[in-house]
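Data block below; observations after.
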Amino acid sequence: SNSCDIISFNSRMTILHTIRLIAILFCLAMAVNWQYGFSSTYLNTPVDQFKAYLNESLGGDMSEGTYDLWWDLIQNIWFVGFFVGIFLNPALNNRLGRRYGMMIANSCILLAAVLQWLAIILHQPVLIIIGRAIASTFTAIAFESLILYLQESPPTHIRGTASFMSEITFALFCVEGTMLGTDELLGNNLPWLTASVIPICVFSVVIIFFLPETSKYLISTGADRAVIEHSVRFFHGPHADIPAILKETEMELTAESHSSTWSSVLDLVRIPHLRKTLFISVCCLQNCVALWTFIYNSALFFEDINIDSGIAKWAATALCVSYFVGTVIGGSVVDRWGRRTILLPFSYINVVLLVLFTAFTQLQKVEDFFKYLAVVTIVLYSGFYGLGVGAISWFISSELTPIKYRSLMQSACYSINTVTVVICTFTVLPFYFWIGSYAFLILYCIPTILALIYVTRNLPETKGREIHDI
Ligand SMILES: *[C@@H]1O[C@H](CO)[C@@H](O)[C@H](O)[C@H]1NC(C)=O
C-alpha cells in the first residue's frame, strides 16, 4: 500500500503541475492575444464615433471621399504591418530566441498602444495609422513567438490543449473588442476605449521577464546545461525526467543536422518532406480564410439580407461568442481525439454550412424567413471553426516541422495565408455586390474543398508524437 500512496501522490503532483503549466501558458496567451483580438475588432462597432473623430480632427469639413480614404488606411494598415512582421519573425524568434523575440515585440506593442491613445487625445489621426502599423508588425512576431512557446514548452501529452490556448484567448478578446466598442460600453468614449488596452500591454511586457526560454530552443543553440535544466523544470515540473526529455529533443535536432542554415528558405521547397508540410499547412490555413470575412463584414451581410441593424450588431457578437465557446470545447478534447479526427470532419461540415448560407441568402429573396436560418448557419460556422478548424490549422505547421525550420515554415505559411486573406477580404465585397452571395462559393467553398481533399490524403496524425517519430 505504501507504493500505492506514492503513486497517487505522484499523479496528484502531475495534475497540479499540469494545471499550473496551463495557467502560465494561458497568461502568456492572454498577454499576446488580448491586444491582438482587441485591435482586430475594436474599429467595427464604433464606426460612427470614429467618423466624427476624423471629421473633427481634419477641421470639420471632411468629405465622404476623404473619409473613405482615411478609414481604408486605418483598417488595412493592419495587414500591411502584419505581413512585414512575418518576415521579421525568423530574425527575432530564431536568432534572439522566443523569449527576447517576445520581449521586444511586446515592448513595441505597448508603445503602439500609447500612440493610438495619444492620437485620440491629441486629435492626430496619423498617429493611429502609425500606431496600428507598429502594433501589427510586432503582433505578428509576438503571436508566432507565442505559438512556439505553446508548442515547445509543454510535455507532449498536453501539447494540443496548450496550443489551443492561443485560439481560445484570441476568440475571447474578439468578443471583448466587439462588445467594448458598442454604445452601451465604451463606444462613445474613444479615449477610454483606446486606453483600455494599455494596462494589458504593460502586463505583457512584465510577464515575459518571469518566463525562461523554451528548453527546445536552448538545446538547439547549445546553451549551458544548468540553464536548460532550469527551463525544463519550470515547464515540466520539479520532478520531470530531465535526461529523457533532453534525449527526445536531441533526437529531434540531430534528425535534421545535415543542411546549412543560409539556404534554409530554398530547403522549404527543395526538401520533399518540408515541401509537403508547406503544402499541407497552406491548405489547412485555406479553411481559415472565410472566417475573417465574417468577422470583418458580418454586420454588413446581415443587413443586406434585410436583418434589422440592431439585431445585426448582436448577431455579429453572437458569432464571436460561438467562436469562443467552440475553442474552449476544442481545447479540452484535442489531445484525446487527435488532430485528424477533429480537423477533417469539421472542415467538411464548415464547407457545407457555407453552401447552406449561400442557399439561404438566395432563398431569402423568395421567403424572408430564410434570413434567420442564414444567421444561424454562420453562427454555427464560427462555432465549428473554433472547435476544430482554426487552432489546429494554425499550429499544424509547427507540429510537422523540425525545430530548425520551424519559424521559417511558420513565416512561409502565414505570409502565403495573409496574402490569401487580403486578396479575399478585398475582393469579396465587389464580388458580393456583383453576383451576390454566390461570391462565397467561388472565393471560399471551391478553393477550400480542393485544399481539403489534399489534406485528407496527406496529413499524418501528430497527437502525442514527437517530430522525429512523425
Ligand atoms: C463633417 O462635419 C461637417 C460639419 O458638422 C458636416 O457638414 C460634414 O457632413 C461632415 N462630414 C462627414 C463626411 O460626415
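Counting convention: from 1, in listed order, for ligands and their atoms alike. Residue indices begin at 1 and follow the sequence shown.
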Specify whether F170 and Y323 have parallel, tilted or perpendicular ring planes, treating 30° as the upper limit for parallel and 60° as the lower limit for perpendicular.
-> perpendicular
Are any non-hydrogen protein atoms located under 4.0 Å from atom 14 (O) of ligand 1?
-> yes
Side-chain contact, heavy-atom cut-off 4.5 Å: M62 with W70?
-> no
Can you find a protein heavy atom closer to atom 2 (O) of ligand 1 than 4.0 Å?
-> yes
Step through the shown structure and confirm whether more than 12 heavy atoms of other residues, nucleotides or ligands are within 6.0 Å of CZ on F203.
-> yes
In the protein, what heavy atom is nearest to atom 5 (O) of ligand 1, and what distance, to one decimal place, separates them?
-> G60 O, 4.5 Å
Nearest non-hydrogen protein atom to atom 6 (C) of ligand 1, with distance, is N55 ND2, 4.1 Å
Could you label the plane-to-plane angle of the Y36 and F143 rings as parallel, tilted or perpendicular, counting under 30° as parallel and over 60° as perpendicular?
-> perpendicular
Do you see a protein non-hydrogen atom under 4.0 Å from atom 9 (O) of ligand 1?
-> no
Begin with the C-alpha distance, continue with both residues' side-chain angles, and end with the deciding distance and a verdict on side-chain hydrogen bond (donor to acceptor under 3.5 Å, both in side chains) for Q362 and S437.
-> CA-CA 7 Å; Q362 293 299 327; S437 52; 2.8 Å; yes
